[in-house]
Q: 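Before I ask anything, let me first share the structure, which is written out below as structure tokens.
Letters A, B, ... mirror the listed sequences (proteins, then strands); counts begin at 1. As a basis for the values below, the full set of heavy atoms in this structure was taken, side chains included, without hydrogen atoms, waters or symmetry mates.
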There are 2 protein chains.
Amino acid sequence: MSKKETILHAATRLFAEKGFKETSIAELSKTTGAAEGTIFYHFKNKEDIFLSILEDTRKRVIEEFDRYLEEGEFDSGLNMIESAISFYFYLAGMMEEQFLLLHRRHPHELAEVNPVCREHLEAIYNCFVNGFEQAILLGQKDGSIRTMSSKRTALIIFSMVDGLVRFKTYNLYNAGALHKEFMELCRRMLQKKQIQE
Amino acid sequence: MSKKETILHAATRLFAEKGFKETSIAELSKTTGAAEGTIFYHFKNKEDIFLSILEDTRKRVIEEFDRYLEEGEFDSGLNMIESAISFYFYLAGMMEEQFLLLHRRHPHELAEVNPVCREHLEAIYNCFVNGFEQAILLGQKDGSIRTMSSKRTALIIFSMVDGLVRFKTYNLYNAGALHKEFMELCRRMLQKKQIQE
DNA sequence: AAAAACCGGTTGAACGCTCAGTCTAAAAAC
DNA sequence: GTTTTTAGACTGAGCGTTCAACCGGTTTTT
């Protein structure tokens, strides 16, 4: 692994766990073994490191999502959105540090003044929201999902799923054990044919 | 309003909008008109200001929630949880700055090392989660809500509702218009008698 | 009644420290 | 021989916190 990559990896972890402002270049230098000068040789400033991380995250998320779409076999739209939700949970576990970073306020605040940052964030979020929407549209076509605004429902689903992941990272409660129930509740609110009890 | 209250109000806004670390005492001094020394006369340090805000927030949330419970009339558990969710949205609007603050990572990180902070946070969250759970239990008794783990469902509902509020504050999408659909989806996933379509 | 002591609140300059970023000259890696 | 990396000294700004002094009003002493 090149020195630049080493710096990027360590920065991802530090920014995710401690925050952007709370991580100093001196600390980044110490944990990577790279001199401070080396860091500024590869990146023009601290913010540039952050944007590079975001760019990598974006690439990785889209890459993983595309692979998921290729590999997956879905027998209905409802089935597809369920697996899309599961995939989100899976990815949040696989890319824990990056998701931690995305759940911080800093990227969203930066996005308000930095178009590059904004573009990365939107690309990442759109990836999931569009994925959810496609599944809903498919489900409405094949009759597994009831009729409603696909766009708005996709947004709500996304906010729900993301809310649960966030809930888990803040771990005030043990939210890890809620996955199964959560999926069941999602199914109920989406499906057309309802089980009469 | 006393100088101490002025400081507390301004700090709430600044900590919420800019973050704890990103807000300097100098800025707090300038916006309140209080000298820096005055701030440290009333609070022993910066963290003490933060904890005071959290204490006030806790009191206010519990006070408002109690009033809501007293004033409300609910004809079923399902009806009660719907109004509890609405109440959460209402309060998030009324106490926008405090909710913004609670949605930051800082209070949760502080809670991990500071028991006082932790206690405030838990009291605030328990207030809502317990409220949701009571409604679910009532609904299961009166037959409006289907049988499932009341505790876990309450947690999921909370993470969902909170996720939507958070989504709104980050405003990547226009999440304000999702309230109606969100309520409809919640009803569907909770209710016992289902509409056959 | 005048003077002195006392009080909570307030002031802003000053202190010690950390930080992002710069710079240099030399060494190592390719 | 060009690119990358090193160690560290340095700058200038910003930070939280401290502190002696000050203010206006009340109480105590003379």
Q: Under a 4.0 Å threshold between the charged nitrogen and the carboxylate oxygen, would Glu184(B) count as salt-bridged to Lys180(B)?
A: no
Q: So, OP1 or OP2 of dT4(D): does either fall under 4.0 Å of a side-chain N or O from Tyr41(A)?
A: yes
Q: OP1 or OP2 of dT10(C) sitting under 4.0 Å from any side-chain N/O of His42(B)?
A: yes
Q: Any chance you could measure Leu185(B), atom CG, to Arg188(B), atom CZ, to the nearest 0.5 Å?
A: 8.0 Å
Q: Restricting to non-hydrogen atoms, name the atom on His179(A) and the atom on Ser86(A) that form the minimum distance, rounded to 0.1 Å.
A: NE2-OG, 3.9 Å
Q: With the threshold set at 4.0 Å, does a side-chain nitrogen-carboxylate oxygen contact exist between Glu109(A) and Arg105(A)?
A: yes
Q: Does Lys3(B) place a side-chain N or O at less than 4.0 Å from the phosphate oxygens OP1/OP2 of dG8(C)?
A: no
Q: Take nucleotides 14-19 of chain D nucleotide by nucleotide from the 5' end and write B, S or -, depending on whether a protein heavy atom sits under 4.0 Å from the base, only from the sugar-phosphate, or from neither.
A: -SSBBB
Q: In whole angstrom, give the distance that lies between atom NZ of Lys30(A) and atom C1' of dT18(C).
A: 13 Å
Q: Keeping Gln140(A) on the side-chain end and Arg146(A) on the backbone end, is there a donor-acceptor pair under 3.5 Å?
A: yes
Q: Looking at Glu112(B) and Arg118(B), is any side-chain nitrogen of the basic one under 4.0 Å from a carboxylate oxygen of the acidic one?
A: no
